[in-house]
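These notes concern the structure reproduced below.
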Amino acid sequence: MSRSGPPETILPAVDVAIMHALRQALATTVDSRRAAVASVVAKYPTCLHAWAALGRASTPGIDAYMAFRVGYHRGLDQLRGSGWRGSGFVRWQHESNRGFLECLEGLAVNARIIGEESEAVRCQQFLIQCDPRGRG
């Protein structure tokens, strides 16, 4: 910890080609969107934005929970690889952090849906610790 407060971690930017592929998948019809996003995730399994999109494209509950949970754990790995040591800010203002934060938020929401209240609370608290300002 420094005099300015907890350290801040910023994940590396997502490759432009991956984001283009994800935007194309998200532009498909509602009926084919989940499969299109899943194809992007399969091709780029480290892309947290893709995992978050897969969670959003999934049926709320266990389906979405699984996607958000995988994205969350992949995000923890990426945070550690970027120097995060278990505490400090991971702010929404940085586009590259948003995939992780969306996975964490989706995990909190869907944990609650499936009855995992303690996990939902832990995830919500972690989200606030990562960025007390939220999406603002």
Side-chain angles (χ1 to χ4, degrees):
M1 180 116 114
S2 70
R3 289 179 167 223
S4 61
E8 181 172 6
T9 302
I10 302 170
L11 292 169
V14 180
D15 184 276
V16 174
I18 297 172
M19 291 305 291
H20 177 72
L22 182 56
R23 279 192 298 278
Q24 286 185 309
L26 291 170
T28 60
T29 64
V30 173
D31 292 342
S32 61
R33 187 167 300 141
R34 187 180 188 289
V37 173
S39 292
V40 174
V41 169
K43 190 171 181 180
Y44 306 105
T46 61
C47 179
L48 304 178
H49 288 72
W51 282 106
L54 183 61
R56 288 190 309 272
S58 298
T59 303
I62 196 67
D63 235 23
Y65 174 88
M66 290 185 295
F68 286 125
R69 188 152 183 77
V70 172
Y72 164 74
H73 280 284
R74 287 196 167 259
L76 289 177
D77 291 343
Q78 288 183 31
L79 283 169
R80 289 182 191 108
S82 295
W84 183 76
R85 299 290 172 246
S87 66
F89 297 121
V90 181
R91 295 197 187 275
W92 176 263
Q93 72 189 36
H94 305 290
E95 174 67 33
S96 58
N97 288 347
R98 292 180 185 173
F100 171 74
L101 295 170
E102 288 177 353
C103 285
L104 179 55
E105 180 179 47
L107 183 57
V109 168
N110 287 280
R112 185 162 280 122
I113 290 171
I114 66 169
E116 289 284 340
E117 188 63 29
S118 62
E119 181 176 28
V121 169
R122 280 192 311 273
C123 289
Q124 194 61 44
Q125 289 171 340
F126 186 24
L127 194 59
I128 292 166
Q129 290 168 355
C130 284
D131 191 348
R133 294 179 288 194
R135 292 181 185 237

Review point. Checking side-chain contact (heavy atoms from CB on, under 4.5 Å) for the pair F68/R56: CA distance, chi angles, key distance, verdict?
Key: CA-CA 9 Å; F68 286 125; R56 288 190 309 272; 4.1 Å; yes
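Under the 4.5 Å side-chain heavy-atom criterion for Ile, Leu, Val, Met, Phe, Trp and Tyr, Y72 and I114 are members of the same hydrophobic cluster. A continuous path of Ile, Leu, Val, Met, Phe, Trp and Tyr side chains, each step under 4.5 Å between heavy atoms, connects L107 with F126, placing both in one hydrophobic cluster.
Taking every heavy atom of both residues into account, C103 and G71 meet most closely at SG-CA, 3.7 Å. Across all their heavy atoms, E119 and Y65 have their closest contact at OE1-OH, 2.7 Å. In plain terms, the two heavy atoms of A120 and A111 that are nearest each other are N-CB, 3.9 Å. Closest non-hydrogen pair, A64 versus G55, comes out as CB-O, 3.5 Å. Among all heavy-atom pairs drawn from S96 and I10, the shortest one is OG-CG2, 3.6 Å.
A distance of 14.5 Å separates CZ in R122 from CG in L127, rounded to the nearest 0.5 Å. Summarising the geometry, atom CZ belonging to R69 is positioned 10.0 Å from atom CD1 belonging to I62; distances are rounded to the nearest 0.5 Å. Here CD of E8 is found 11.0 Å from SG of C130. Values are rounded to the nearest 0.5 Å.
Under the 4.5 Å side-chain criterion, counting only non-hydrogen atoms from C-beta, E105 is not in contact with W92. At a threshold of 4.5 Å between non-hydrogen side-chain atoms, the residues R135 and E102 count as touching. Within the 4.5 Å cutoff, the side chain of N97 has no heavy atoms near those of the D131 side chain. Counting heavy atoms from C-beta on, the side chains of L101 and R91 never come closer than 4.5 Å.
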Between side-chain atoms of residues 76-89 and protein atoms elsewhere (two or more places apart, or another chain), which donor-acceptor pairs fall under 3.5 Å?
{"residue": "Q78", "atom": "NE2", "partner": "T46", "partner atom": "O", "Å": "2.5"}
{"residue": "S82", "atom": "OG", "partner": "Q78", "partner atom": "O", "Å": "3.1"}
{"residue": "W84", "atom": "NE1", "partner": "S87", "partner atom": "O", "Å": "3.4"}

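Checking side-chain atoms of T28 against main-chain N and O of Q24 turns up no donor-acceptor pair under 3.5 Å.
Through direct or indirect side-chain contacts shorter than 4.5 Å among Ile, Leu, Val, Met, Phe, Trp and Tyr, L54 is connected to V14, I18, M19, L22, L26, V37, V40, V41, Y44, W51, V70.
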